[in-house]
Amino acid sequence: MNPRTRRILELILDNLVWFMLLFVLAIFSIFIPNYFQLGIFANIIEASSVLGVMSIGLALVIITGHMDLSVESVTALGAMAVGILFCSAGIGLGIQLHPEWLMVPVSLLVAISVGALIGALNGVLVVKLNMSAFIITLASYIWVRGLVVAVSGGRSAQDLAPAIRWFGIQRLFGLPLTAWIAISCFVIFSLIMAKTPFGRHLVMIGGNQQATYRAGIRVTRNLIIAFVLAGAIAGLAGWLLTIRTSGATANLGVGLLFNAFAAVVIGGVSLKGGVGSLPGVYAGVLLLSSINTAINLMGLPANFTQVIHGLLVLAAVLLDTLKQTIRQRLA
């Protein structure tokens with residue numbers, strides 16, 4: 001195989017999910033009426049903002065070779081905390097700050113802090129006490145969701161403060177600011193993973209934790225930071241979710257965890273750890289959002305969504321195995 005063919009093949013393997021996304025968009029645009037229009041594409045990006053941000057934190061932990069099942073519940077708790085404090089109807093306390101713009105950073109800090117605290121608890125239990133990440137984060141998934149129901153009493157918070165809701169209304173180049181926040185998060189964390197020692201260390205830990213430790217890298221600290229970041233990013237997703245819904249309910253975000261896992265796996269992140277990139281995860285999120293939009297336009301039952309997502313995850317795992325086989329032959 002000549003060097004040029006090898007480079008082309010490696011480019012395709014590295015960006016396979018993006019080619020899949022373009023292929024799906026092209027097929028939908030040809031066969032589904034009214035699909036090919038800027039408004040639809042903008043809606044795809046907008047609808048993927050919350051799931052996309054949540055998937056970032058989940059991907060960081062999975063790249064290290066661990067698991068975080070709590071991100072969905074943490075997102076719901078962050079949303080509920082913001083809703084209770086800054087909504088004026090339902091169970092909302094309607095807290096007002098002056099000047100009004102202060103409610104934006106304060107609400108964001110509340111959501112991120114809630115998530116970071118739970119992430120830190122998960123990290124300490126998993127890393128310091130050497131407990132199973134699956135069991136610990138599954139427990140957090142359950143008790144955090146229970147806490148959401150307990151603090152809300154099963155009721156909802158409505159009428160989010162206009163200063164915060166503004167981010168969901170104001171548009172820039174046809175997209176709401178919430179979508180731009182999600183895109184910015186992907187850009188920032190992609191750069192962190194690709195260009196900083198911390199990002200490279202997370203990949204090394206996922207590849208071989210013992211070898212990374214022997215190389216003098218602070219594995220324990222980096223792993224705990226990864227869990228804290230996953231929680232904090234889930235809190236940010238909760239803040240965005242509150243803005244999108246202009247409030248919070250006890251069942252807010254139910255089902256997002258499985259979609260986040262689907263996006264991460266489709267995006268090329270290996271559940272074994274050590275392999276994956278955040279741009280690929282974003283392509284996976286957009287792919288899921290594109291399919292959901294197509295199902296809605298065709299008027300198909302919502303049950304088809306789960307079937308297709310499940311088949312996509314299966315296809316992604318098979319493709320990952322095929323990619324590894326091809327890379328071994330190229331080596």
Side-chain angles (χ1 to χ4, degrees), residues 39 42-57 71-120 144 147-148 151-152 155-192 225 228-250 252-253 256 278 282 285:
N43 181 69
I44 289 171
I45 297 174
E46 178 182 354
S48 64
S49 56
V50 174
L51 178 62
V53 171
M54 182 194 296
S55 299
I56 293 173
V71 289
E72 176 191 298
S73 297
V74 173
T75 295
L77 184 60
M80 183 58 70
V82 173
I84 290 175
L85 292 176
F86 297 101
C87 284
S88 57
I91 58 173
L93 300 177
I95 292 177
Q96 296 289 327
L97 300 178
H98 300 284
E100 288 189 359
W101 62 264
L102 278 176
M103 288 188 283
V104 174
V106 171
S107 63
L108 182 58
L109 181 62
V110 167
I112 291 176
S113 298
V114 166
L117 285 173
I118 298 172
V144 173
L147 184 60
V148 173
V151 298
S152 66
R155 299 164 59 203
S156 63
Q158 300 134 18
D159 293 337
L160 186 65
I164 306 173
R165 177 63 180 154
W166 178 83
F167 280 84
I169 299 173
Q170 190 66 30
R171 290 181 173 265
L172 179 64
F173 301 116
L175 293 175
L177 295 182
T178 51
W180 287 110
I181 291 172
I183 294 171
S184 299
C185 287
F186 269 104
V187 172
I188 291 170
F189 280 97
S190 295
L191 291 174
I192 290 174
I225 291 175
V228 172
L229 283 175
I233 294 169
L236 172 59
W239 185 75
L240 294 174
L241 191 56
T242 308
I243 292 174
R244 285 203 67 196
T245 58
S246 192
T249 60
L252 195 64
L256 282 178
L278 294 183
Y282 188 49
V285 172

Approximate separation, where rounding is to 0.5 Å, of Thr245 OG1 and Leu252 CG = 5.0 Å
key: salt bridge (Lys or Arg N to Asp or Glu O under 4.0 Å) against Arg171, all qualifying residues, sequence neighbours excluded   = Glu46
request  = Kindly state each residue pair satisfying ring-ring contact (aromatic ring centres under 6.0 Å, His included) with at least one member in residues 82-110, sequence neighbours excluded.
outcome  = none
Straight-line distance of Ile192 CD1 to Leu229 CG, nearest 0.5 Å = 7.5 Å
Test side chain to side chain contact (heavy atoms under 4.5 Å, CB included) applied to Ser55 - qualifying residues, sequence neighbours left out = Leu51, Ala260, Ala263, Val264, Val281, Val285
inquiry  = If I take atom CE from residue Met80 and atom OG1 from residue Thr249, how far apart are they, to the nearest 0.5 angstrom?
reply    = 6.0 Å
Residues 161-170 side chain polar contacts: donor-acceptor under 3.5 Å, at least two apart:
from: Arg165; atom 1: NH1; to: Ile243; atom 2: O; distance (Å): 2.0
from: Trp166; atom 1: NE1; to: Gln170; atom 2: OE1; distance (Å): 3.3

For Ser246, all residues meeting side-chain hydrogen bond (donor to acceptor under 3.5 Å, both in side chains), sequence neighbours excluded = none
task = Return the minimal non-hydrogen interatomic distance between Gly238 and Ala79, and the atom names on each side.
result = O-CB, 3.3 Å
ask   = Just how far is it from atom CG of Leu147 to atom CD1 of Ile118, taken to the nearest 0.5 Å?
value = 7.0 Å
Listed partners of Ala89 passing side chain to side chain contact (heavy atoms under 4.5 Å, CB included), at least two apart = Gln158, Asp159
inquiry  = Taking the side chain as everything from C-beta on, heavy atoms only, tell me whether Val82 gets closer than 4.5 Å to Leu160.
reply    = yes
request  = Hey, could you give me each pair passing salt bridge (charged side-chain N to carboxylate O under 4.0 Å, His left out) that has a residue in residues 102-117? Not counting sequence neighbours.
outcome  = none
task = Kindly state each residue pair satisfying salt bridge (charged side-chain N to carboxylate O under 4.0 Å, His left out) with at least one member in residues 228-247, sequence neighbours excluded.
result = none
Identify every side-chain donor-acceptor pair in residues 106-116 under 3.5 Å, counting partners at least two apart or on other chains, and give the distances.
from: Ser107; atom 1: OG; to: Met103; atom 2: O; distance (Å): 2.7
from: Ser107; atom 1: OG; to: Val104; atom 2: O; distance (Å): 2.9
from: Ser107; atom 1: OG; to: Trp239; atom 2: NE1; distance (Å): 2.9
from: Ser113; atom 1: OG; to: Leu109; atom 2: O; distance (Å): 2.7

key: Test log, rule side chain to side chain contact (heavy atoms under 4.5 Å, CB included), inputs Thr75 and Val53   = CA-CA 10 Å; Thr75 295; Val53 171; over 6 Å; no
request  = Specify the closest pair of heavy atoms between Gly57 and Ala230, including all atoms of both residues, with the distance to one decimal.
outcome  = O-CB, 3.5 Å
note = Quick note, salt bridge (charged side-chain N to carboxylate O under 4.0 Å, His left out) partners involving residues 99-116, not counting sequence neighbours, are none
Contact summary for Ala157 and Gly92, nearest pair of heavy atoms = CB-N, 4.1 Å
Acceptor/donor pairs from residues 179-191 side chains to any protein atom, 3.5 angstrom cut, sequence neighbours excluded:
from: Trp180; atom 1: NE1; to: Leu172; atom 2: O; distance (Å): 2.7
from: Ser184; atom 1: OG; to: Trp180; atom 2: O; distance (Å): 2.8
from: Ser190; atom 1: OG; to: Phe186; atom 2: O; distance (Å): 2.5

task = Output the distance between atom CG (Leu241) and atom OG1 (Thr178), rounded to the nearest 0.5 Å.
result = 10.5 Å
key: salt bridge (charged side-chain N to carboxylate O under 4.0 Å, His left out) contacts touching residues 71-82 (sequence neighbours left out)   = Glu72-Arg145
